[in-house]
Amino acid sequence: MSYYIHNIPGRLRIKTPVAKSSSQQAKAIQRILHSIPGILSTLVNPLTGSIVIHYDPEVVNSEEILNTLNQQDYFDWSRAVTNDQYIRDIVAKIGKVIWKAFFGTLVEEALEGSSLSFIKVLI
């Protein structure tokens with residue numbers, strides 16, 4: 001599972017497999033987050049591995065929060081995917097599926113007729 005980041009100033013949501021299925025890990029993550037000045041509230045969901053952090057952007061930024069989690073092995077920058085990257089990946093996958101369906105229909109129609117029909121579709 002990859003690590004997911006969605007950030008708007010004052011609110012950070014991440015998904016991490018480290019927080020998933022362990023209420024002990026969830027509590028440890030909350031303790032670490034509450035030790036960071038500027039953290040206003042946290043919600044760690046051990047069912048999904050999701051962590052929602054509300055913070056004061058005048059005191060702390062998302063990079064500092066993520067670096068703290070990274071140093072404690074609760075987050076892995078190298079496997080992180082931002083919301084924009086996630087959406088681009090989904091759109092690319094959908095585009096491939098649509099292209100395959102469209103191209104498959106063309107080939108299917110071409111093969112129903114003679115080989116001359118196939119060549120006509122390709123042109």
Side-chain angles (χ1 to χ4, degrees):
M1 176 182 183
S2 64
Y3 294 69
Y4 171 81
I5 306 168
H6 182 258
N7 181 45
I8 56 174
R11 183 182 182 276
L12 173 65
R13 185 169 77 88
I14 64 173
K15 284 190 127 183
T16 172
V18 178
K20 195 170 183 175
S21 303
S22 173
S23 59
Q24 288 178 331
Q25 292 283 43
K27 289 176 186 174
I29 291 168
Q30 281 189 308
R31 278 193 300 275
I32 289 166
L33 291 170
H34 284 289
S35 72
I36 302 171
I39 299 291
L40 304 174
S41 67
T42 61
L43 176 64
V44 182
N45 184 335
L47 283 174
T48 63
S50 179
I51 305 168
V52 178
I53 305 157
H54 289 97
Y55 63 94
D56 182 349
E58 300 285 324
V59 179
V60 67
N61 63 43
S62 61
E63 190 172 311
E64 292 171 308
I65 296 167
L66 291 170
N67 281 336
T68 299
L69 292 173
N70 185 60
Q71 290 168 355
Q72 300 292 322
D73 294 327
Y74 291 116
F75 189 77
D76 184 352
W77 276 109
S78 68
R79 296 174 57 198
V81 176
T82 66
N83 189 53
D84 292 342
Q85 290 168 322
Y86 180 77
I87 290 171
R88 275 193 297 269
D89 290 347
I90 294 287
V91 169
K93 287 178 185 176
I94 291 171
K96 287 179 185 177
V97 168
I98 291 171
W99 171 249
K100 285 181 182 179
F102 175 73
F103 186 72
T105 302
L106 286 177
V107 170
E108 187 176 300
E109 284 182 29
L111 293 177
E112 284 179 358
S114 67
S115 57
L116 188 57
S117 300
F118 181 69
I119 293 170
K120 190 167 51 171
V121 167
L122 292 176
I123 298 174

Student: Are Ile53 and Leu40 close enough, and set up right, to give a side-chain contact (heavy atoms from CB on, under 4.5 Å), and what steps lead you there?
Tutor: CA-CA 8 Å; Ile53 305 157; Leu40 304 174; over 6 Å; no
Student: Rounded to the nearest 0.5 Å, how far apart are CD1 of Ile14 and OG of Ser62?
Tutor: 10.5 Å
Student: Assess whether atom CD of Glu63 is packed by more than 12 heavy atoms of other residues, nucleotides or ligands within 6.0 Å.
Tutor: no
Student: Got a list of side-chain donor-acceptor pairs under 3.5 Å for residues 23-30, not counting sequence neighbours?
Tutor:
unit_1	atom_1	unit_2	atom_2	d
Gln25	OE1	Tyr74	OH	3.4
Gln30	NE2	Thr42	O	3.3
Gln30	NE2	Thr42	OG1	3.3

Student: Distance check, rounded to the nearest 0.5 Å: Ser41 atom OG versus His34 atom NE2?
Tutor: 7.0 Å
Student: I need the single residue from Leu33, Ile39, Ile36 that forms a side-chain contact (heavy atoms from CB on, under 4.5 Å) with Tyr55. Which is it?
Tutor: Ile39
Student: Given Arg11 and His6, is the side-chain contact (heavy atoms from CB on, under 4.5 Å) satisfied, shown in steps?
Tutor: CA-CA 8 Å; Arg11 183 182 182 276; His6 182 258; 4.0 Å; yes
Student: Can you name the nearest heavy-atom pair linking Asp76 to Asn70, along with the distance?
Tutor: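 Heavy-atom minimum between the residues: CA-OD1, 3.8 Å.
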Student: Among all residues two or more places apart in sequence or in another chain, which pass the side-chain hydrogen bond (donor to acceptor under 3.5 Å, both in side chains) test with Asn61?
Tutor: none
Student: Roughly how far, to the nearest 0.5 Å, is the CG atom of Leu12 from the NE2 atom of His54?
Tutor: 10.0 Å
Student: Given side-chain contact (heavy atoms from CB on, under 4.5 Å), test Ile51 with Thr16 step by step and report yes or no.
Tutor: CA-CA 8 Å; Ile51 305 168; Thr16 172; 3.6 Å; yes
Student: Which heavy atom of Glu64 sits nearest a heavy atom of Val59, and at what distance?
Tutor: OE1-O, 4.3 Å
Student: If you compare all heavy atoms of Pro57 against all heavy atoms of Pro9, which two are closest, and at what distance to 0.1 Å?
Tutor: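 Looking at all heavy atoms of both residues, the shortest contact is CG-C, 4.4 Å.
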Student: Using atom types as modelled and distance alone, determine if a side-chain donor or acceptor of Ser22 lies under 3.5 Å from a backbone N or O of Ala19.
Tutor: no
Student: For residues Gln72 and Ile32, report the shortest heavy-atom separation together with the two atoms involved.
Tutor: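 The answer is CG-CD1, 3.7 Å.
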Student: State which residues pass side chain to side chain contact (heavy atoms under 4.5 Å, CB included) with Leu47; sequence neighbours excluded, sorted by chain then number.
Tutor: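 Side chain to side chain contact (heavy atoms under 4.5 Å, CB included) check on Leu47 returns Asn45.
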